[in-house]
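See structure below.
Sequential numbering from 1 along the given sequence is applied to the chain's residues. Side chains included, hydrogens not; waters and symmetry mates left out as well; all remaining heavy atoms used.
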Amino acid sequence: LVSVDAEVILGGMACCGRSRAPTDYRCSLPLFFFFLVAYLTIFHILFVLFVWTYWKSIFTLPVQPDKKYHMSYADKERYENEERPEVQRQILAEIARKLPVYTRTGNGGIRFCDRCQLIKPDRCHHCSVCAICVLKMDHHCPWVNNCIGFSNYKFFLLFLAYSLLYCLYIAATVFKYFIKYWTGELTNGRSKFHVLFLLFVAVMFFVSLMFLFGYHCWLVSRNRSTLEAFSAPVFQNGPDKNGFNLGFVKNLQQVFGEEKKLWLLPVVSSLGDGHFFPMRALCEAQNPLLANEEQWEDDGIDEETHGKLTQKEISCVLTYSD
């Protein structure tokens with residue numbers, strides 16, 4: 001694309017010695033080189049960011065749940081040997097009591113993955129393509145051949161954004177020469193093919209990416225994943241599509257982090273570790289999921305008391321304040 005666009009631009013130099021108006025910037029070499037350098041600088045900045053984000057989206061591996069979410073050998077044996085579904089649900093509830101999990105299945109049970117043999121953290125789902133459970137799974141993307149989740153969702157969003165700008169920039173710079181081709185001013189046969197091809201591909205991808213990027217911007221503004229947009233997460237009080245919606249600014253910070261200088265760069269800056277997330281509805285105006293992970297470890301607190309406290313905290317509803 002660089003060589004093609006350079007050919008289109010440098011083609012203007014040949015006309016400087018022909019019948020062109022003296023005011024045409026292409027006949028002024030310093031001004032021409034200024035526009036040439038500016039064009040190539042912007043082009044390569046977008047190109048580097050496009051390739052960088054694409055690389056990060058592909059090669060950033062999806063994160064799996066910690067070992068503490070996996071069933072112990074004794075619990076697994078007890079669960080598999082039990083044939084009564086209600087007892088199995090009780091076993092899972094006992095195991096999950098020590099974990100910060102608040103979403104449930106459609107029938108109110110603990111979310112358990114039979115294939116990975118683990119308690120699913122909130123917003124975690126099993127990917128049938130990758131054959132693993134992925135933290136905050138959004139979808140499996142065939143274009144990057146990777147699962148998009150907590151570890152690379154920011155990179156995927158930036159990849160869509162820079163792809164959109166890249167296609168728009170190419171289409172905008174080539175459109176002038178497309179008009180020349182349409183009016184018959186462009187006589188070079190090779191340039192005709194390049195101009196038509198570039199404009200068609202750039203516009204086609206721009207339109208496709210515009211809808212996809214717009215949809216994911218809407219998801220980020222609501223703090224939802226693609227899976228949650230189709231099926232609302234279920235809490236103790238029932239399904240709630242806005243269960244993780246903290247307000248526009250805090251929703252952005254969940255994905256891009258609190259340091260705004262890192263928002264446009266494909267570096268890790270998302271909040272948390274993907275195992276638990278702040279929720280909109282909580283008791284006593286305090287979100288237990290914002291506390292340190294150590295509070296969920298076995299520190300001598302009676303498990304029954306801790307379990308009852310957790311259920312009490314989840315049962316009431318207060319609006320999360322920005």
Do Thr183 side-chain atoms and Lys180 backbone N/O form a donor-acceptor pair below 3.5 Å? yes
Does Ile110 offer a backbone N or O that forms a donor-acceptor pair with the side chain of Arg89 under 3.5 Å? no
Tyr215 atom OH: more than 12 heavy-atom contacts under 6.0 Å: yes
Just by modelled atom types, is the Glu77 backbone N or O under 3.5 Å from a matching donor or acceptor in the Glu80 side chain? no
Any side-chain donor paired with an acceptor under 3.5 Å for Asp138 and Thr226? yes
Donor-acceptor pair, side chain of Arg111 and main chain of Cys124, under 3.5 angstrom: yes
Would a 4.5 Å heavy-atom cut-off, applied to side chains only, mark Pro62 and Asn146 as touching? yes
If I compare all heavy atoms of Leu246 with all of Arg280, which pair ends up nearest, and what's the gap? CD2-N, 4.1 Å
Using 0.5 Å steps for rounding, measure from the CZ atom of Phe159 to the CG atom of Leu209. 7.0 Å
Checking side-chain hydrogen bond (donor to acceptor under 3.5 Å, both in side chains) for the pair Thr103/Asp122: CA distance, chi angles, key distance, verdict? CA-CA 6 Å; Thr103 53; Asp122 294 342; 2.8 Å; yes
Worked check of side-chain contact (heavy atoms from CB on, under 4.5 Å) between Leu198 and Tyr177: CA-CA 11 Å; Leu198 271 178; Tyr177 297 94; over 6 Å; no
Same cluster or not: are Met210 and Leu168 linked, directly or through other Ile, Leu, Val, Met, Phe, Trp or Tyr residues, by side-chain heavy atoms under 4.5 angstrom apart? yes
Phe230/His139 aromatic ring centres below 6.0 Å: no
When rounded to the nearest 0.5 angstrom, what distance separates CZ in Phe175 from CG in Leu199? 7.0 Å
Can any side-chain N or O of Ser151 pair as donor or acceptor with the backbone N or O of Leu61 at less than 3.5 Å? yes
Which atom of Cys141 lies closest to which atom of Phe156, heavy atoms considered: SG-CE1, 4.0 Å
Distance, nearest 0.5 Å, that separates CD of Glu228 from CZ of Phe244: 6.0 Å
Might you point out which heavy atoms bring Tyr153 and Leu219 nearest each other, and give the distance in Å? OH-CB, 4.2 Å
Is a side-chain N or O of Tyr102 found less than 3.5 angstrom from the main chain of Phe277, in a donor-acceptor match? no
So, do Tyr162 and Phe213 have ring centers that fall under 6.0 Å from each other? no
Thr173 vs Phe43 side-chain heavy atoms within contact, under 4.5 Å: no
Going by atom types alone, do Ser269 and Lys154 pair a side-chain donor with an acceptor below 3.5 Å? yes
How close do Tyr54 and Val144 get, heavy atom to heavy atom, and via which atoms? CE1-CG1, 3.8 Å
Can you confirm whether more than 12 heavy atoms, excluding those of Glu86, are under 6.0 Å from its CD atom? yes
